[in-house]
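Below you'll find the structure, written out as structure tokens, and then a few comments.
Throughout, a chain's letter reflects where its sequence line sits, starting with A, and its residues are numbered from 1.
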Number of protein chains: 2
Amino acid sequence: MSAPPARAATIVDVARAAGVSRQTVTRALHDMPGINPATRERVLAAARELRYHPSRFGRGLVKPAARTLGLVVGDLANPYYGELASAVLGLAAARGWHVVMAEAAGAPGLAAGADAVIAFTGTEFPDPAVGAPNLPVVEVDPPRPHPGRARVVFERTAASAQAVEHLLARGSRRPVVLDVTTPPGGSSRAAAFVAAFRTRGVEPHLAHRTSAFSHLPAGTDAVVAHNDLDGFRLLRELHEARRAVPREVRVVGVDGLAVGDFCTPRLSTLAIDLAEVARAALDLVLELTEAPAGAPPPVRVVEHVFRAREST
Amino acid sequence: MSAPPARAATIVDVARAAGVSRQTVTRALHDMPGINPATRERVLAAARELRYHPSRFGRGLVKPAARTLGLVVGDLANPYYGELASAVLGLAAARGWHVVMAEAAGAPGLAAGADAVIAFTGTEFPDPAVGAPNLPVVEVDPPRPHPGRARVVFERTAASAQAVEHLLARGSRRPVVLDVTTPPGGSSRAAAFVAAFRTRGVEPHLAHRTSAFSHLPAGTDAVVAHNDLDGFRLLRELHEARRAVPREVRVVGVDGLAVGDFCTPRLSTLAIDLAEVARAALDLVLELTEAPAGAPPPVRVVEHVFRAREST
DNA sequence: CTGAAAGCGCTTACAG
DNA sequence: CTGAAAGCGCTTACAG
């Protein structure tokens with residue numbers, strides 16, 4: 001009927017089409033009292049015809065708007081980030097905040113649409129704060145912390161030591177620690193395991209995250225995977241190679257995924273309470289927006305916990 | 001140093017603090033040419049001190065802003081929704097769109113922050129379009145489609161028939177179909193399986209999604225789970241009960257999760273290409289905003305595929 | 001029941 | 001190099 005408009009219809013377009021003033025359009029659209037029913041119908045029809053949808057910006061300028069939190073996460077297809085996102089979304093909804101999300105590559109765009117950003121990617125990513133000075137940013141377990149920035153730190157020392165203790169007590173002597181960095185051993189999670197093994201007089205072999213079991217040193221009797229997903233893959237490979245888990249080889253994951261409880265054998269893992277992580281990150285956002293300028297960046301620590309299941 | 005401000009600082013606060021005009025503040029903040037370096041430093045310092053962060057609304061009104069897509073999903077801790085969200089985020093980033101996300105409960109708030117909404121929850125959820133007339137909404141596989149609304153329909157007939165054929169060919173005769181609805185059998189995915197079994201002269205038993213295997217009829221030799229996660233749980237229960245899969249009992253999931261490939265036994269499943277689903281949904285959003293008023297709601301169909309792995 | 005005016009916070013020409 | 005003016009789309013008092 002009408003040609004597609006070159007630009008989106010505004011309130012004045014609707015007013016003109018209905019032959020009324022802007023305020024009357026507002027009244028009709030918001031079901032406000034004191035408007036002639038016939039007038040309202042006419043306005044609503046015009047709005048429909050023009051596909052009028054009020055501009056978020058016009059409205060935001062004039063009414064108190066919901067805060068919008070930016071959330072940068074790693075690969076959402078990994079349930080780890082899904083669980084975290086779910087926790088953040090829940091807390092944000094409870095506070096009436098909106099959440100704009102992006103995976104690492106989309107981080108730079110976020111600043112334009114958010115009042116504050118939480119970044120949790122596991123890998124390095126484009127800084128969301130470039131071109132957005134003074135944007136409050138909270139980093140979660142950053143591989144390379146940005147100095148002066150608020151962050152949630154993951155503490156792994158105790159849990160790694162516990163896991164190592166557990167492996168050694170069960171007889172493992174030739175462990176391998178898998179890692180994302182090149183050379184392996186550069187990430188804080190791998191470093192925590194290596195330190196724990198060394199403290200107990202065992203020198204672990206280091207290999208890259210993606211190494212197949214068949215390429216690890218002969219005699220390997222324990223593997224610390226980079227994360228649970230990698231742990232699953234490893235268990236699968238061991239199953240196909242007919243290696244008994246945990247008798248011949250023990251496997252530890254990192255992340256504490258809920259699905260790890262349903263695979264066979266159940267994957268032992270370093271778990272972290274993602275609901276607590278989400279809460280800490282949101283608290284920091286709040287703290288950041290209220291702290292005086294120049295205050296030292298706030299930090300929260302969340303502890304990993306070793307959860308022994310069947311694979312060790 | 002300064003007391004926390006009652007309201008966020010605006011550009012005029014910064015201008016006043018630095019003793020310049022608003023335009024000069026804009027120039028300093030955006031690294032524009034033609035500004036005295038000393039002036040710029042003074043402005044930047046004032047902005048930092050006041051924690052000034054430009055309002056999205058003021059800016060959005062005056063510069064062409066990124067489109068913002070609302071995405072309502074089911075439980076993100078389920079990798080199924082994570083994979084879909086990941087696909088949507090990727091496509092949106094490629095088009096320069098922002099994405100505000102919410103889980104089902106947060107849907108009503110979304111309308112205020114989005115230009116269009118894609119809803120994919122698997123369950124019923126509060127309508128995001130209340131109070132937001134003319135908001136373009138695309139529903140993905142809605143349990144109860146909203147009449148007149150654009151949607152992506154999941155076609156399961158062929159894939160269900162294939163799965164059923166596969167089960168019968170391997171000797172299953174006493175199948176159970178698990179479902180979310182009360183009574184079971186009300187969802188389209190369960191209905192497709194039931195119809196497929198009946199076509200082949202087999203009457204499946206229906207039970208609620210959460211039923212333990214031990215509560216299913218004696219002699220049950222095949223189970224169609226509501227989704228892959230339920231399938232994993234079932235496999236785990238069968239493992240603990242020492243029932244051989246697939247020899248004694250065959251299990252089929254629905255969703256096609258990537259992790260299903262790493263659990264043992266690998267879960268056979270009805271898979272759907274979530275990247276294709278995401279693409280279809282985004283296409284519909286575009287179509288919706290360009291179609292003339294009163295046009296019939298566009299629909300896209302995406303086919304499930306039966307993926308036989310080890311559990312059948 | 002309806003409309004003219006003011007103002008939210010910002011940027012973009014345009015003057016000086 | 002810096003500032004006064006106009007205007008983006010909307011809502012909220014205030015008049016009539």
Quiz item: If you measure from the Lys or Arg side-chain nitrogens to the Asp or Glu carboxylate oxygens, is any gap between B/Asp115 and A/Arg51 under 4.0 Å?
Solution: no
Quiz item: Out of curiosity, A/Arg56 CZ to A/His98 NE2, how far, rounded to the nearest 0.5 Å?
Solution: 10.0 Å
Quiz item: Using Watson-Crick and G-U wobble pairs with both distances under 3.5 Å, what is the 5'-to-3' dot-bracket string of DNA chain D, with [ ] for crossing pairs and | for pairs outside the strand?
Solution: |||.||||||||.|||
Quiz item: Are A/Arg300 and A/Glu155 close enough for a salt bridge, meaning some N to O gap below 4.0 Å?
Solution: no
Practice problem: Check the pair A/Phe120, A/Phe154 against ring pair (Phe, Tyr, Trp, His ring centres under 6.0 Å), reporting the backbone distance first and the verdict last. | Solution: CA-CA 12 Å; A/Phe120 184 15; A/Phe154 286 8; 5.7 Å; yes
Self-check item: Nearest-nucleotide 5' precedence on DNA chain D, B/Arg22 against A/Val12
Solution: B/Arg22
Practice problem: Go through DNA chain D in 5' to 3' direction and return only the first and the last nucleotide with some atom under 4.0 Å of chain B's heavy atoms. | Solution: D/dC1 to D/dG9
Quiz item: What's the shortest heavy-atom distance between A/Arg22 and A/Ala15, and which atoms?
Solution: N-CB, 4.0 Å
Quiz prompt | Contact residues, residues 52-69 of chain A to DNA chain C [heavy atom, < 4.0 Å] | solution = A/Leu61, A/Val62
Quiz item: If you look at every strand shown and take non-hydrogen atoms under 4.0 Å, does A/Thr24 touch a base, only sugar-phosphate, or nothing?
Solution: sugar-phosphate
Quiz item: Side chains of A/Asn78 and A/Asn227: closer than 4.5 Å at any heavy-atom pair?
Solution: yes
Quiz item: With a 4.5 Å limit on heavy-atom distance, are the side chains of B/Val72 and B/Val117 in contact?
Solution: yes
Quiz item: Do B/Arg151 and B/Asp141 have side-chain heavy atoms sitting under 4.5 Å apart?
Solution: no
Practice problem: May I ask you to test the A/Arg95-A/Leu286 pair for a side-chain heavy-atom distance under 4.5 Å? | Solution: yes
Quiz item: If you measure from CG on B/Leu288 to CZ on B/Arg149, what distance do you get to the nearest 0.5 Å?
Solution: 10.0 Å
